[in-house]
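Chain letters run A, B, ... following the sequence lines, proteins first and then strands; every chain starts at 1.
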Number of protein chains: 2
Amino acid sequence: MTTLAPTPHELMIRKMESIFPLSVEEKQAISALPIQLVDIKTNQDIVREGDEPSQCCLILEGFTCMYKVTAEGKRQILSLYVPGDVPDMQSLHLKVIDINIASISPCKLGFIQHKDLRQLCERYPRLTAAFWRETLVHASIFREWLLNNGQRPAYTRIAHLICELRMRLKVVGLAENGTFEMPATQAELADATGITQVHTNRVLQVLRADGLISTVKTQMHVPDWNKLKQAGEFDSLYLHLIKTATA
Amino acid sequence: MTTLAPTPHELMIRKMESIFPLSVEEKQAISALPIQLVDIKTNQDIVREGDEPSQCCLILEGFTCMYKVTAEGKRQILSLYVPGDVPDMQSLHLKVIDINIASISPCKLGFIQHKDLRQLCERYPRLTAAFWRETLVHASIFREWLLNNGQRPAYTRIAHLICELRMRLKVVGLAENGTFEMPATQAELADATGITQVHTNRVLQVLRADGLISTVKTQMHVPDWNKLKQAGEFDSLYLHLIKTATA
DNA sequence: CGACCGATTGACGACCATCAAAGGTAGTGG
DNA sequence: CCACTACCTTTGATGGTCGTCAATCGGTCG
């Protein structure tokens with residue numbers, strides 16, 4: 001596993017290979033994709049409800065979130081996105097965006113034109129399946145969150161979310177030795193899990209007291225993966241990783 | 001709008017056309033799909049976590065639900081499926097199923113072999129986009145449920161769910177005059193919205209008292225669509241219907 | 001008629017929300 | 001180098017929405 005910062009194309013391929021086996025030829029085709037690099041600051045909207053973008057956004061560095069707000073102004077974070085993810089892949093087939101995507105840390109983004117992606121899919125039909133599969137895996141994550149937020153108590157819920165992040169970061173090489181960057185604030189964790197910021201703070205304190213996590217600034221450390229997995233009732237089946245990626 | 005019971009292929013086409021425009025040729029191709037009809041009773045599992053099916057399931061009559069259960073045995077219903085839906089379309093690209101699908105009323109199902117769907121997609125690449133789009137719309141529904149269950153109070157939450165069902169049934173011609181079949185029990189509504197069965201019962205009583213809904217056995221009637229929409233903060237954008245379908 | 005399933009009601013309590021304020025920490029600018 | 005500011009974290013007090021437990025009612029079907 002490379003520990004040096006990968007190039008945008010390497011990162012994209014590494015992520016895709018965690019859920020779909022790619023041939024050498026397909027990887028070369030992906031490597032030829034034009035990608036436009038952009039840096040953004042924390043708390044910047046990348047895509048907004050109602051937009052009709054002509055490009056997709058690949059996360060290269062930093063975290064972003066997808067969210068929606070109710071009429072009363074309550075925000076639900078629907079998913080967190082980490083390097084290697086393409087949070088708005090759906091815009092390839094859903095013209096009008098129905099969600100918002102924003103950075104929750106400084107980010108480096110890579111924009112890929114829809115037309116380039118479509119062309120790639122035409123020439124390499126297996127890549128159509130790969131991208132489709134990626135959107136299906138994200139749908140599966142939404143479902144797991146629905147279960148998590150709907151049926152599990154706050155403690156388990158937050159433990160589960162941390163497990164998911166560790167797992168998703170690990171497949172792109174960003175969670176070695178149980179340590180990873182986790183720039184989300186407690187308010188953001190709260191909006192993601194559907195509990196209040198105050199209660200999130202209290203639950204995190206208990207998780208720390210129980211020795212399941214420890215934090216230094218935005219670094220999160222998981223000393224005992226099995227214990228945390230158990231506390232969060234975490235089973236990674238829903239991430240649909242292929243075996244080589246989890247090994 | 002036809003009121004006679006449509007054939008399986010007519011129903012499938014009607015549903016697909018609500019989110020994707022089909023050419024005459026494409027409709028003919030869909031009409032040629034082999035579909036195996038099966039009748040099942042209430043509360044029967046159709047697909048189970050861990051299965052690796054070689055076919056997809058088209059709902060022809062009745063309601064089904066997708067669900068998951070926590071380690072503590074709490075069930076979260078992740079989505080309700082109505083005639084015209086293919087709840088396990090994802091199995092085309094995610095080999096191992098990570099959810100359960102069960103009937104919540106007597107159902108007539110139509111099974112379509114994966115190989116037939118793949119062949120169809122190869123011959124008609126636009127249909128690939130259509131099916132992909134269908135899975136994206138369902139992902140969008142999961143997201144809206146996440147917002148609904150996470151951030152809205154029980155009253156709004158249930159109103160929203162009823163709005164969604166009315167809308168989705170309407171596009172397949174099953175909700176005329178604000179009346180439709182709604183066979184879900186209160187326990188099932190509870191598991192779908194993440195509140196308890198007892199509280200669901202109380203909220204339904206208030207909704208009835210407020211004149212937003214009335215029920216006779218499994219028939220649900222919505223006397224004032226705009227009032228219910230407002231109570232449920234319902235905006236159908238997330239269903240990504242094309243205009244002709246909503247008119 | 002009895003069994004079963006779903007709807008309804010009552011009493012009670014807990015988990016978590018709400019409101020408010022105080023500590024910490026990092027970044028900015030004088 | 002030290003205010004000053006902004007943001008995040010932490011703490012305390014209070015209460016409400018909703019969960020839990022348990023029982024009854026009502027309709028359906030064999």
Query - Under 3.5 Å side-chain donor-acceptor pair for A:Asp45 and A:Tyr67 - result: yes

Query raised in the report: Taking atom types as modelled and ignoring hydrogens, do the side chains of B:Asn149 and B:Thr193 form a donor-acceptor contact shorter than 3.5 angstrom?
Result: no

Query raised in the report: What does nucleotides 5-11 of chain D look like as a protein-contact string, B for base, S for sugar-phosphate only, - for none, at under 4.0 angstrom between heavy atoms?
Result: ---SBBB

Report task. Using modelled atom types only, decide if a donor and an acceptor are shared between the side chain of B:Thr200 and the backbone of B:Thr196 within a distance under 3.5 Å. Result -> yes

Requested in this report: Examine the side chains of A:Thr70 and B:Gln151 and answer whether a donor and an acceptor come within less than 3.5 Å of each other.
Outcome: no

Requested in this report: Taking atom types as modelled, find out whether A:Asn201 and A:Gln205 have a side-chain donor-acceptor pair closer than 3.5 angstrom.
Outcome: yes

Query raised in the report: For residues A:Arg208 and A:Ser214, is any side-chain donor paired with an opposing acceptor at under 3.5 Å?
Result: no

Report summary line: Separation of C:dC16 atom P from B:Ile195 atom CD1, nearest Å, is 16 Å

Query raised in the report: Is the closest side-chain donor-acceptor distance between A:His138 and A:Gln90 under 3.5 Å?
Result: no

Report task. Provide, to the nearest angstrom, the distance between the NZ atom belonging to A:Lys74 and the P atom belonging to D:dT17. Result -> 11 Å

Report task. Please confirm whether the backbone N or O of B:Ile112 pairs with a side-chain atom of B:Gln55, one donor and one acceptor, at under 3.5 Å? Result -> no

Report task. Let me know the distance between NZ of A:Lys41 and P of C:dG27, rounded to the nearest Å. Result -> 14 Å

Query raised in the report: Within this structure, what is the NE2-to-C1' distance between A:His199 and D:dT17, rounded to whole angstrom?
Result: 14 Å

Report summary line: Whole-Å distance, B:Asn149 CG to C:dC16 P, equals 16 Å

Report summary line: A:Tyr155 OH to C:dC16 C1', in whole Å, measures 17 Å

Query raised in the report: Just by protein heavy atoms under 4.0 Å, how would nucleotides 25-30 of chain D read 5' to 3' in B, S and -?
Result: ---S--

